[in-house]
There are 2 protein chains.
Amino acid sequence: MEGKKVSIVDVAKTAGVSTATVSRVVNQLGGYSKETEKKVLHTIKECGFRPNVNAIGLRTRRSHSVGVIVPDITNEFFAKIVRTLDIFFIKYNYSVLICDSNEDPELEERHIQDMFDKNVDGLIYVSGMEAISSLVKNPRVPVVFIDRSPKNAEFVVQSDNYQGGYLAGKELCEKGCTRPLLIRDYRMASTIQQRRRGFLDALAEYGKTCEGNFEITILPDYKSAKEKVAEFLGEKGCCFDGVFTTNDMMALGTIHALAEAGYNVPGQVMIVGFDNVSLSEFCNPPMTTVAQDTEQMALVAGEALLKLIRKEPIEQKEYVVPIHLEVRSTT
Amino acid sequence: MEGKKVSIVDVAKTAGVSTATVSRVVNQLGGYSKETEKKVLHTIKECGFRPNVNAIGLRTRRSHSVGVIVPDITNEFFAKIVRTLDIFFIKYNYSVLICDSNEDPELEERHIQDMFDKNVDGLIYVSGMEAISSLVKNPRVPVVFIDRSPKNAEFVVQSDNYQGGYLAGKELCEKGCTRPLLIRDYRMASTIQQRRRGFLDALAEYGKTCEGNFEITILPDYKSAKEKVAEFLGEKGCCFDGVFTTNDMMALGTIHALAEAGYNVPGQVMIVGFDNVSLSEFCNPPMTTVAQDTEQMALVAGEALLKLIRKEPIEQKEYVVPIHLEVRSTT
DNA sequence: CTGAAAGCGCTAACAA
DNA sequence: TTGTTAGCGCTTTCAG
């Protein structure tokens, strides 16, 4: 009895009804008696019937699945979003297709095509590149953006990046920093712009001016930060006493460069990171950092996509998730 | 021209051939003239034809996709495997369906069913629970196991866990440890057993005996380790001078418990972890740990699955990936 | 070398 | 309330 797959025809036959009726029951479309329903449901269970998703997809052009595109699944921030989304959608019987673009536009393009080929009913696009062109090409499927806000986006959810930058600046100023330094991703994504703006505004509020070399722009990783800070230290000495980096790995690189050059953190230089990756809690000293609420972001995005898919009205096109400062030992 | 999807019929029509011929060309089955091939290929490109995967799946019962099941995508170790697999399979035009079982047997069961429903051509199962029953139920699709070796497995790839444990024990002994302690996952998975065995064998080689309370068994996370070690320290004092934990988070918990109790690492107690997560490099002090070659594991698994899917002969049923000790500052 | 046609499993008119 | 039936887009014999 485990030999062949049972189809809707088999169910119909053994239940003594038509395939249409079985289909109605399976999809809970109503228009059948309580009795037939019970009968059909019973035989379905009996013979272990599972609808063939390909046949359904072929007929309906829907897949009951959504795609999630992240630039790096290896990054805890994205991994958490993916996980939350996965758990969210399974509740609604949607399966999620995860795809790691690996920061590679070509790969990303390919993955997106792949998802369209699979007839995803919707897409969640997390902080990707600008190669959104191919997304827009397909107006059939709704797209929700996390952490990135292209024009014409149907729905965008982002952390309150401005507030994050502001909190970082405020923390530094209140703890007595007088010569602040900003280290940021050289690519000026909108999120980075907002963090920067918030930071500068906080400084201004405390009467700090932003002198000449107060800003370093680099690749946003540990190594770049460490090297660049070491170099900076070598050239100009420690002409700053507080640093805000636009992510935690850069903060860590900075901490280590400082430590190796013999400076004390937070004694001589304070540091605030961004993201609150678990590393920031366990490094030495534990890092003060701006924490994003990944779970909330994912949930909001999931809910919005679901509405878009169901063509329910959506009250707002944008959602800003609150952010908070996790104060630890580098400030 | 962007209005409707073009099907194989459209291509056939405009190319002036039959759908059968188009199909043959698309699938490179041969049996057509160079000329028709060129003509068909050209019109395919011309009108942007993309085969409908549902129709193909419905006909062939194959999906050209494989499933990957991990217990926690948020864990760097698994995320890396997923990413490598993804990149590997895309080369062969297979798409990979990632699923995070979230250490939840019910969710896992559901995800697996889902994958079968989607007609995955193969499955890679990474260090999951024992709920493999449902896997075995479906003898149609080949399964490759990573980091777990159930009986009857078609193919298993694992790190050389025994060697890992051995290296940890040796390192401790050579650096002068006399009272070793083992802290391990309370669940005795085969991988943990092997690490333990290797560790004990190394100790024996150096004439160390394993006295009474030399082994602590806990949940394998930071918090459990930290609490348990603190408690242990409180009850018996520091009756050990070297610790091997079966993963890095436990090692970190141990380090922190020790630090808080005022013990010096590695001065009074040495520590060796397992996994080489990036945290182990950045914590304080940077941790000596046993490094698994995740990339190699993923690649071997991917290659094996591909062979299984293609029904090519497979020379061995098991593959052991070398491991090495990353010596840092806790030993 | 090429085409005609059956049918994979399901849904959705339309009829009854 | 239920059944009949025509496809969805593709592969795959079987004929030619």
Side-chain angles (χ1 to χ4, degrees), chain A residues 3-44 47-65 93 116-121 140, chain B residues 3-44 47-65 93 113-114 116-121 140:
Chain A
K4 259 201 76 63
K5 277 232 169 181
V6 308
S7 79
I8 202 172
V9 188
D10 303 318
V11 176
K13 217 167 281 174
T14 64
V17 297
S18 74
T19 60
T21 298
V22 177
S23 175
R24 287 184 190 109
V25 171
V26 169
N27 296 300
Q28 309 188 55
L29 295 180
Y32 40 78
S33 69
K34 211 73 197 141
E35 196 182 356
T36 28
E37 179 180 20
K38 203 163 67 179
K39 194 168 50 182
V40 171
L41 249 23
H42 179 262
T43 51
I44 282 179
C47 57
F49 166 68
R50 308 223 95 216
N52 181 315
V53 295
N54 281 319
I56 296 174
L58 184 55
R59 249 333 284 246
T60 65
R61 298 198 147 292
R62 267 173 283 110
S63 63
H64 231 73
S65 70
N93 270 308
F116 284 146
D117 286 351
K118 291 211 176 96
N119 287 310
V120 290
D121 300 336
R140 262 179 275 268
Chain B
K4 260 202 72 68
K5 277 234 170 180
V6 309
S7 77
I8 202 171
V9 188
D10 304 317
V11 175
K13 219 167 279 175
T14 66
V17 297
S18 72
T19 60
T21 298
V22 177
S23 175
R24 287 185 191 110
V25 172
V26 169
N27 297 299
Q28 309 188 56
L29 295 180
Y32 40 77
S33 68
K34 211 72 194 143
E35 196 182 356
T36 26
E37 177 179 23
K38 202 163 66 181
K39 194 168 50 183
V40 171
L41 250 22
H42 179 261
T43 52
I44 282 180
C47 56
F49 166 68
R50 308 223 95 215
N52 180 313
V53 295
N54 282 320
I56 296 174
L58 184 55
R59 255 321 292 240
T60 65
R61 299 197 146 294
R62 266 171 283 110
S63 62
H64 230 72
S65 71
N93 270 307
Q113 265 309 336
D114 210 69
F116 283 146
D117 287 351
K118 290 210 176 96
N119 287 311
V120 289
D121 299 337
R140 264 179 274 269

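Order of the sequence lines sets the chain letters (A, B, ...), proteins ahead of strands, with each chain counted from 1.
- Counting to the nearest Å, the C1' atom of C:dC10 and the CG atom of B:D117 are 14 Å from each other.
- To the nearest 0.5 Å, atoms OG (A:S63) and CG (A:L58) are separated by 13.0 Å.
- Not counting sequence neighbours, the partners of B:I8 by the side chain to side chain contact (heavy atoms under 4.5 Å, CB included) test are B:T19, B:V22, B:S23, B:F49.
- The CG atom of B:N52 sits 14 Å away from the C1' atom of C:dC10 (whole-angstrom rounding).
- Between the CD atom of B:E35 and the C1' atom of C:dT2 there is a distance of 13 Å, rounded to whole Å.
- Contacts of B:R62 classified as salt bridge (charged side-chain N to carboxylate O under 4.0 Å, His left out), with partners at least two apart in sequence or in another chain: none.
- The distance from atom NE2 of A:H64 to atom P of C:dC10 is 16 Å, rounded to the nearest whole Å.
- For B:T36, the side chain to side chain donor-acceptor pair (under 3.5 Å) partners at least two apart in sequence or on another chain are B:S33.
- In this structure B:D114 satisfies the side chain to side chain donor-acceptor pair (under 3.5 Å) test together with B:K118, sequence neighbours excluded.
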At under 4.0 Å between heavy atoms, which parts of nucleotides 11-16 of chain D does protein reach? Answer with one letter per nucleotide, 5' to 3': B base, S sugar-phosphate only, - none.
-> BBB---

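- An angle of 40°, rounded to 10°, separates the two end axes of the helix from C:dC1-D:dG16 to C:dA16-D:dT1, each defined over five pairs.
- Pairs engaging residues 16-32 of chain A under the salt bridge (charged side-chain N to carboxylate O under 4.0 Å, His left out) rule: none recorded [sequence neighbours left out].
- Under the rule for a salt bridge (charged side-chain N to carboxylate O under 4.0 Å, His left out), B:D10 has no partner lying at least two apart in sequence or in another chain.
- When the nearest nucleotides of DNA chain C are assigned to B:L58 and B:V17 by heavy-atom distance, the more 5′-ward of the two goes with B:V17.
- Within the structure, every side-chain polar atom (N or O) of B:S7 is placed at least 4.0 Å from both OP1 and OP2 of D:dG9.
- Rounded to a whole Å, the NZ atom of B:K13 is 14 Å from the P atom of C:dG3.
- Taking the side chain to side chain donor-acceptor pair (under 3.5 Å) definition, one finds that A:T43 meets it with nothing, sequence neighbours left out.
- In this entry the distance linking CD1 of A:I44 with P of C:dG9 reads 16 Å, nearest Å.
- Between A:K5 atom NZ and C:dC10 atom C1' the separation is 14 Å, expressed in whole Å.
- A pairwise comparison of heavy atoms in B:V26 and B:P51 identifies CG1-CG, 4.5 Å as the closest pair.
- A:K118 places its NZ atom 18 Å from the C1' atom of D:dG9, with the value rounded to the nearest Å.
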